[in-house]
Amino acid sequence: MTAQALEQRELASVIGLEVHVQLETATKIFCGCSTAAAEDEEPNTRTCPVCLGLPGALPVLNEGAVEAAVKIGKALNADIPEETTFHRKNYYYPDLPKNFQITQYDAPICQDGQLEVDIRDERRIINVRRAHLEEDPGSLQHKGGSIDTADYTLVNYNRAGTPLMEIVTEPDFRSPKEVRNFLAKLEEVLEYLGVFDSTRDGSLRVDANISMVPADDVADDGSISKETLDAANRTEVKNISSHKGAEKALAYEVTRQKNAIQRGRVIEQETRHWDESRGITVSMRSKEEEKDYRYFLEADLPPLQVSDWKQQIPIPELPDARRERFREEYGLDEESASKLTSTKEVADFYEDVAESFDPDLAATWVADNLLGELNYRDMEITDVSDRLDEFKHLVELVATDDITTKNAEEIVLRQMLDDGVDPDTVIEQEGLGKADDDEIVDFVEEAIEENPDAVEDYHSGESGALNFLVGQVMQKSRGSADPGTANQLLRERLDD
Amino acid sequence: MSQSRVDADEVRHVAELARVNLDDDEVEAFATQFADILEYFDALDEVPEVDRESDLVNVMRPDEVREGLSQEEALANAPETEDGFFKGPRVS
């Protein structure tokens with residue numbers, strides 16, 4: 001360190017990520033075993049000689065996984081090199097039945113990409129160094145204690161061989177909040193591509209490298225020299241499984257490192273484990289160094305030459321582009337356009353409703369009413385995927401004036417979500433069909449008959465009297481009358 | 001190639017990566033054996049260079065589910081099992 005000791009300087013955090021995402025394919029990456037985990041499924045029921053690593057079994061690459069990787073590369077604006085290859089990464093741990101993991105090493109399928117992320121009001125570009133395909137290991141249960149004190153280990157290979165994409169960023173993050181925004185955006189893009197399901201348990205796993213550098217070594221554009229980065233000791237935080245978890249784990253680690261440095265201690269270069277339940281990171285026994293993995297070419301898998309797939313495989317419109325189009329095409333404001341493109345399912349549903357009825361009405365109903373009520377119930381659009389027709393029908397009933405907006409919002413939508421019934425059922429049960437004019441005429445007569453004082457006030461020119469009578473008609477119709485119609489019919493009858 | 005390229009420390013390191021416990025006598029024995037084994041590879045220096053027979057690329061299969069093994073079959077060779085899991089010693 002130069003003249004001033006590190007502990008006396010203002011510190012800035014530098015973070016880079018390795019994000020593992022499970023790809024949504026029907027089968028595992030090197031064999032035909034299903035990737036669809038049934039709820040409460042029995043262990044070791046989705047295996048075969050390949051994913052169990054039995055002698056003589058040969059891997060054959062899943063075309064679907066390669067397609068998904070190419071789509072991700074396209075979305076990240078990455079290079080798909082002419083030739084890409086697979087390697088064996090050797091380490092002994094029972095989650096790997098073969099004692100090596102098939103992964104990619106010096107020729108990954110995607111290189112040099114980037115993802116634009118909004119951080120506060122600023123648009124930042126996060127550079128993606130590489131993204132490669134690999135197989136997921138199996139899962140372990142440590143019985144009779146924690147990982148260090150367990151009596152024995154149970155192993156389930158159902159997950160072994162699930163295709164993963166590991167996305168490695170440059171150390172471009174300057175705060176835990178930026179990491180969270182990036183992960184949310186990445187998930188959004190991957191879901192748009194149809195290659196990822198965030199609701200699947202363990203579908204996202206993050207390792208983060210984090211170090212502290214003197215704040216005044218960070219240039220105005222956020223860049224940091226290689227010397228500064230090399231001089232800083234970093235820790236790798238493992239076991240992060242959500243974008244919220246990433247923010248928490250890294251905020252903890254930032255504080256821990258800052259405190260240590262301010263007390264004049266040196267940050268140890270080590271791997272730390274994020275303990276979600278305790279909200280802390282703990283030091284892990286140091287594992288192998290890179291050379292100990294003894295990477296070598298996987299001779300059972302010939303090289304891949306798929307750079308031309310980038311032109312051949314189409315990808316859907318991505319969230320940023322769709323948000324802009326929504327603003328232009330439907331005249332939506334920034335906030336509605338953002339909400340309505342937050343997931344592909346929401347955006348598809350909005351477009352369907354907007355094209356059938358009216359873009360503004362559709363925006364109110366999907367962005368405010370439906371998403372609002374779902375959010376209030378801690379639900380997501382995915383929880384009602386199979387009922388979108390019913391919600392569309394409700395908007396139709398409002399659009400065609402068959403039900404009032406107020407009743408649709410306050411009674412029908414809420415009961416639909418709370419009781420799982422369709423809108424017609426609610427309307428019938430509650431008698432909410434919009435009153436036709438004949439019915440309103442009857443209510444008008446009743447209201448006039450029952451309120452002679454108000455009628456007198458009206459004739460003597462008291463302005464509030466008409467509103468009172470309209471209110472009476474509305475009440476009699478239990479809100480199903482159109483207030484404008486009631487007003488008009490009352491005046492016609494009273495002025496007669 | 002030279003003899004005794006493998007010293008005791010290297011043997012201990014490789015044993016640790018393989019999660020194998022060796023005592024000092026075994027380390028000595030393996031150091032000698034490793035050197036012998038590596039010497040066999042010297043024979044490869046005598047093999048003339050040949051071209052690869054074919055240049056396979058893009059060998060893939062469609063993303064279609066194929067029937068695998070039953071739980072019973074999957075566990076058939078396991079020395080110990082419990083509730084459908086493979087059972088092994090503590091790891092950390």
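Any value given below was found using the heavy atoms of this structure, including those in side chains, with hydrogens, waters and symmetry copies removed.
Most heavy-atom pairs under 4.5 Å with chain B: of the set A65(A), P94(A), C33(A), A36(A), this distinction falls to P94(A). Of the listed residues Q71(B), R66(B), H13(B), E73(B), the one with more heavy-atom pairs under 4.5 angstrom with chain A than any other is Q71(B). Each of G144(A), A150(A), P49(A) has some count of heavy-atom pairs under 4.5 Å with chain B, and the biggest count is that of A150(A). Counting heavy-atom pairs closer than 4.5 Å to chain B, the top residue among C48(A), C31(A), S34(A) is C31(A). Counting heavy-atom pairs under 4.5 Å between each of P89(B), S70(B), A78(B) and chain A puts P89(B) at the top.
Heavy atoms closer than 4.5 Å to chain B are found nowhere in C51(A), neither backbone nor side chain. In this structure, the portion of L140(A) lying under 4.5 Å from any heavy atom of chain B is its side chain and not its backbone. In this structure, chain B has a heavy atom under 4.5 Å from the side chain of Q141(A), while its backbone stays farther away. Only the side chain of L52(A) has a heavy atom closer than 4.5 Å to any heavy atom of chain B.
Residues meeting the side-chain contact (heavy atoms from CB on, under 4.5 Å) test with H273(A), sequence neighbours left out: N239(A), V282(A), M284(A).
The CG atom of L56(B) sits 11.0 Å away from atom CG of L301(A), with the distance rounded to the nearest 0.5 Å. One distance of note links CD of E63(A) with CD of E64(B); it measures 9.5 Å at 0.5 Å rounding. The CD atom of E72(B) sits 13.0 Å away from atom CG of N44(A), with the distance rounded to the nearest 0.5 Å. Taking OH from Y91(A) and CG from L17(B), the interatomic distance works out to 13.0 Å, rounded to the nearest 0.5 Å. One distance of note links CG of L154(A) with OG1 of T81(B); it measures 9.5 Å at 0.5 Å rounding.
In the displayed structure, D151(A) atom CG is contacted under 6.0 Å by more than 12 heavy atoms of other residues, nucleotides or ligands. The 12-atom threshold is exceeded at CG of D36(B), counting heavy atoms of other residues, nucleotides or ligands nearer than 6.0 Å. Within 6.0 Å of CG in N77(B) there are 12 or fewer heavy atoms belonging to other residues, nucleotides or ligands. Around atom CD of E67(B), no more than 12 heavy atoms belonging to other residues, nucleotides or ligands sit under 6.0 Å away. Counting non-hydrogen atoms of other residues, nucleotides and ligands closer than 6.0 Å to CD of E82(A) gives a total of 12 or fewer. Within a 6.0 Å radius of CZ in F196(A), more than 12 heavy atoms belonging to other residues, nucleotides or ligands are found.
Nearest heavy atoms, V60(A) versus M60(B): CG1-C, 4.1 Å.
R61(B) places none of its side-chain heavy atoms less than 4.5 Å from the side chain of L61(A). Side-chain contact between P303(A) and V57(B) is present, with heavy atoms from C-beta onward closer than 4.5 Å.
Applying the ring-ring contact (aromatic ring centres under 6.0 Å, His included) rule to pairs touching residues 65-89 of chain B yields Y157(A)-F86(B), sequence neighbours excluded.
In summary, of the residues considered (T27(A), I29(A), V66(A), T35(A)), a side chain to side chain contact (heavy atoms under 4.5 Å, CB included) with D63(B) occurs for T27(A) alone.
Checked by atom type, the side-chain pair Y152(A)/E80(B) shows no donor-acceptor distance below 3.5 Å.
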